[in-house]
Structure formats: C-alpha cells, structure tokens
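Contents: one structure, followed by commentary.
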Amino acid sequence: MPDTAQPLDGEYDYIIAGAGSAGCVVAERLTRNPKTKVLLLEAGGKDNWIWFHIPVGYLFAIGNPRSDWMFETTQQPGLNGRALNYPRGKVLGGSSAINAMITMRGQAADYDGWRDLGLPGWGWDDVLPVFRQLEDHFLGDGAHHGTGGLWRVEPPRVRWDILDAVRDAAVEAGIPATEDFNTGDNEGAGYFHVNQKAGRRWSAARGFLKPARQRPNLRVETGALIDRVILDGTRVTGLCFEQRGQRFEARAKAETLLCAGSIGSVQILQRSGIGPPDVLRQAGIETAHALPGVGANLQDHLQQRAIYKVSNTVTLNQTYYSLFGKAKMGLDYALRRRGPLTMAPSQLGLFTRSSPEHGRANIQFHVQPLSLDKFGDPLHRFPAITVAACNLRPSSRGTIAVPSPDLRAAPVIDPNYLDTAADQQVAADAIRVTRRLMQQPALAAFKPDEYLPGPTYPDSDLARAAGDIGTTIFHPVGTAKMGADDDPMAVTDAQLRVRGLTCLRVIDASVMPTITSGNTNTPTIMIAAKGAELIAR
C-alpha cells in the first residue's frame, strides 16, 4: 500500500465507516436533510449476486469469500479445543445480506437493564417507539408494531409438518404457544417473523440504502478498506482507507461514525491507536488514546446444535438431493415466491427457561427442517431436523484484537465460550430440555433419534457434550460498549460518543453493554436509528 494518501474529492459533513445493518440505516436517516452531505464507505462489494436476495441463499453465502469475511476464532478451551468459523457479511448490507432474516427485539428487561447501568434513554419504553417507527409490519399498526417504516417484516412462506409437531411438543412440555415474540416478553413457542418482502430477503441495503441512494447528498463507495481514523489531538477529522490499490484520506466537517460492527469497528479503533495499551503494544501500534474497553466485553450466543434423525416425514435434506424436489422448489418460487427457497435458516422458535431458578426465558431454540455439520457444508443425506438451543445471556466474556497494523491482517477473535460455571450449567441444561422436548407425544410418530450429541453422552456428561457440539449463532456484540462515567471499561457514552475524543461515534452492535435475549440484527437496526436521532439533535 502506498505510504502517502491523497485527499478524496468532495466535502462531507459525515463519514460513515461500514455499510452494514447499522451504516445503511444511519446513511438513510442523515441524508433525509438535503443540506447534509454523507460519505458511506463499505469494504465489501455490491449486493448484485442472486443469492443475496433469494432467502435460502445463506446456504451459499456463508463460507464463501465473495460474501463472507471468513473469520475464525482462536481455539476455545470451553469447546474442547475447537476453533469456529465466524461469518460476517462482506457486502452492502453487511451481515443482514447473509443472516437468518429473523426479526427479534429481545426482552423488555434487556433494555431496562441498559438503563439501570446508567444509560438514560435506552430503557424499553425509550426504544419501543424506535422499533415501531422502523417497521412495516404485516400485523399492522398497534401497541407493539408499526407500519410505513423501511424495515419490512412478514410471516414465513413455507411450512413443514415436522416443525408443526415440534411446536405442539413444546406446548406439551409446558412452553406456551405464541404468535408474536416481539412484545417485550418472548417466552413461548411459535414461528419467527422474517425480514422479507414477497419471498425476497429484505436486507438493510435493500430497505434503507436503496431509497437513500437516489439522493444527491449521499456518496457510496464499495471496496473501501478502512485503515484508521485521523486524529488532530483529541478531535477526529476523518479517516484513511484503501481502494483499488490507492490510499485516500476523507475529511468530515462534523463527525466520523464507525458502523463497521463488533469486529470491524474494533479493528479501525485499534489500528488508530485507540484501545488498550498492552494490546496495541503487542500489535506494534503506538497508543494515541488509551481506552481499555476497546475489543473487550465480547459476547455471543453459543448454541448447542442437537440433530435428530426423523422418519415418516419430509425434510429439506431429502428435497435438496432430489431432482424432482429441486425442480418443484424452483417452480414454487418462480410462480408463487413460496416454498423452501423462501426459508430462513430457522423457522420455528422456542423461548423457555433452562431450569426453574431463572426468572425469565434464558434459552432460545432455533428449529430447522434440515441438518448439516456446519454452515457452508452440504446437507446430510438422511432425513433430520436441527434443534439448537442457545444461552441468551451468557456470563462469559471474550476479546477481539488486531495482531498488527496491517489492515488486511485477520483479527484475533477469542469469544472465550463456556468460560464460566454458570454458562456450562446452562449449556448442559439446554441439552436436557432438548431431550425432554423430543420425547413428547406429539413427536412419537416421527421417531426422533438423537444423532448429535448422541446417546453416548449420558445426562451426567452433558457439559462435555456442550463443548463438542457448541457453535456460534453469529451474534457478536459489546466490544465498544456504552457505559456510565464511572465505568472504566466503557468505550462510548449514552450518546454513542467515544469517550475522551470529539467528533467520533460508534453506532453498531458493539455498543451493547449486554447482549439482547434473541437474534441481534433488529436491535442493531434500532441502535442505528436511535444513533442517527442523537446526531440530528
């Protein structure tokens, strides 16, 4: 890369680093004011591949270097020495272009917990209006949902007999049926609502960026690999990036906004010399502004991916390997925009408690009419379902660090899964709940046979089983967390401003102080919308 940078043409009020879920929303909100000039930089490419738009395309996008940054974790002691693939979207729309499309806010208590940490404006009553304003929800306008927003929410457009039976089994096991997980209390069994429109994925790029790109005050650049922010004392004046072998400097008259996610925003901060001095020193980076929390507090939902072989029913495993089945799927999608090609990775959700001492639902099941060893691998050739339970509020904390100043060096990702006794207990209990679920009368006709973790793991050895089958559900958050003035690990304040610096904010999932109780994409969209409101004040 050249040693010198040339100034990027044009003047900008705001520069946004990252056109993922958060960056697309912030760009759309800020450019509503025609006097505000915005530069949006995305390191990935354009979302012009068919599998970014057909929902089942996640099977081809995850693990593909065209669409996935292909990160990996370090070897995890809690996972019996295994390292995991750590997918992140490498495209306009970010991970919303390759994710599960599940719209899930979490629980009211999650946000009230943020408020009680000394973060005014982030309680449930504060964020619910933001969620409602964002939505164009199929349930219509009401106490919990809104219409007319840019974030489209629809019901699934495919059904499977085996998933109906799992839902009925959940009710038999004492989990109440629900039609809506997004009312503040998500305990129950039901079908996920999805970010789709008429059978096509509704990514942040499609929902927010596409309408904004018609505005002359927005400039979007792809293939722009961001190196660092530019510091003038304690004021951030812009950032440096590389594009097509050239190095550029872009200047922001008002603010620079990091929306690159829980991994990308940390990389930019640390390469800028903003972070824990010991981490920066090991990477060969001089400390410009010491902030020990940058890259700390990493939280993720670890799921125990139990797989059950089933009989007397059809799953996607059989359909996928059948020429007739493939033709039928294609025809159903082409003519009606329905069927398996519209599938989110998981259709059925269950929220419940892993044991009675938990005051609210603390585990979430993603139930899928398919099975595979890991995302990116082919489906199994036998009929099976996946019944994956994750700990919604893990107590283990991990880290992210850059290994060097090289902007192409892969980050060191250490989620530190199952580090605490509490997380180990929840993981083992989640497998017990799964086994009880699969033994309910509603499933008897399908003869569920445990394939993973398998009967070789007795009830007394389920903590080890959790280490063998545990895998990420792709929800990293918290690495630039919001915090009160007396929190030494806080990276941002309640206004999302980076502490000790001016004209720099982080607006993405990294600012969550604690992880939300469910899929994290919709909360990230909310944070972005609220962050844009804070800027506009």
Side-chain angles (χ1 to χ4, degrees), residues 21 24-25 28-29 53 55 96 99-112 123-160 163-164 166-168 170-171 175-204 206-208 210-211 336-339 342-352 360-361 364-368 392 516-530:
S21 295
C24 289
V25 176
E28 193 281 327
R29 289 297 178 96
H53 304 288
S96 75
N99 72 355
M101 297 164 282
I102 294 170
T103 186
M104 185 65 58
R105 297 171 178 173
Q107 298 168 2
D110 299 332
Y111 302 97
D112 288 344
W124 176 250
D125 289 341
D126 302 304
V127 302
L128 179 58
V130 184
F131 281 124
R132 290 186 66 256
Q133 183 186 51
L134 281 164
E135 287 181 338
D136 185 19
H137 204 288
F138 77 97
L139 288 177
D141 193 49
H144 301 296
H145 297 294
T147 57
L150 297 178
W151 196 226
R152 181 63 185 165
V153 181
E154 295 191 349
R157 298 170 70 89
V158 63
R159 63 169 297 277
W160 301 82
L163 296 189
D164 289 347
V166 175
R167 177 198 55 197
D168 295 344
V171 173
I175 304 172
T178 185
E179 297 297 322
D180 187 359
F181 289 120
N182 288 300
T183 64
D185 178 5
N186 55 16
E187 189 159 7
Y191 285 93
F192 292 124
H193 300 161
V194 292
N195 296 119
Q196 294 181 11
K197 186 172 184 179
R200 296 186 70 212
R201 176 186 289 272
W202 195 255
S203 70
R206 188 178 175 205
F208 297 95
K210 185 176 179 180
R336 303 194 304 145
R337 289 289 189 267
R338 292 189 176 274
T342 69
M343 278 175 49
S346 305
Q347 293 79 57
L348 183 70
L350 315 173
F351 287 81
T352 188
R360 53 189 169 115
Q364 174 186 4
F365 283 87
H366 290 80
V367 189
Q368 306 163 336
L392 290 172
T516 52
S517 300
N519 309 74
T520 54
N521 193 57
T522 292
T524 301
I525 298 285
M526 179 277 294
I527 288 169
K530 190 169 174 62

(request) Using distance alone, with no hydrogens and no angle criterion, decide if D110 and S517 have a side-chain donor and acceptor under 3.5 Å apart. (result) yes
(request) Please examine the side chains of Q364 and F181, heavy atoms only from C-beta on, and report whether any two atoms are closer than 4.5 Å. (result) no
(message) Give me the atom names and distance for the closest heavy-atom approach of L163 to Q347.
(response) CD1-OE1, 3.5 Å
(request) May I ask you to test the F351-L392 pair for a side-chain heavy-atom distance under 4.5 Å? (result) yes
(request) Check whether any side-chain heavy atom of L139 sits under 4.5 Å from a side-chain heavy atom of H144, and report yes or no. (result) no
(request) Would you indicate whether the side-chain heavy atoms of F131 and H145 approach each other to under 4.5 Å? (result) no
(request) Using the test side chain to side chain contact (heavy atoms under 4.5 Å, CB included), find all partners of L128 that sit at least two apart in sequence or belong to another chain. (result) R105, W124, R132
(message) Restricting to non-hydrogen atoms, name the atom on P523 and the atom on T516 that form the minimum distance, rounded to 0.1 Å.
(response) CG-OG1, 3.8 Å
(request) Have a look at L348 and tell me which of R167, Q368, R159 forms a side chain to side chain contact (heavy atoms under 4.5 Å, CB included) with it. (result) R167
(request) Taking side chain to side chain contact (heavy atoms under 4.5 Å, CB included) as the test, write out the residues that go with D185, two or more places apart. (result) E187
(message) Is there a side-chain contact between W202 and V153 in this structure, where contact means two heavy atoms from C-beta onward sitting under 4.5 Å apart?
(response) no
(request) With the side chain counted from C-beta on, respond yes when N521 and W151 share a heavy-atom pair under 4.5 Å apart, and no when they do not. (result) yes
(message) Can you give me the closest heavy-atom contact between D180 and H193, atom names plus distance?
(response) OD1-CE1, 3.9 Å
(request) Over all heavy atoms of both residues, which pair between V25 and S21 is shortest? Give the atoms and the distance, please. (result) CG2-O, 3.2 Å
(message) Nearest 0.5 Å, please: how far is CG in N195 from CD in E154?
(response) 9.5 Å
(request) Would you please name every residue forming a side chain to side chain contact (heavy atoms under 4.5 Å, CB included) with I102, sequence neighbours left out? (result) A100, M104, F192, S346, H366, N519
(message) If I compare all heavy atoms of G148 with all of D136, which pair ends up nearest, and what's the gap?
(response) N-OD1, 3.4 Å
(message) Rounded to the nearest 0.5 Å, what separates atom CG in N186 from atom CG in L350?
(response) 11.5 Å
(request) For the residue pair R157 and P55, establish whether any side-chain heavy-atom pair is separated by less than 4.5 Å. (result) no
(request) Report yes if the side chains of R201 and R206 come closer than 4.5 Å at any heavy-atom pair, otherwise no. (result) no
(request) Taking all non-hydrogen atoms of both residues into account, name the closest pair between G146 and D141 and its distance. (result) CA-OD1, 3.5 Å
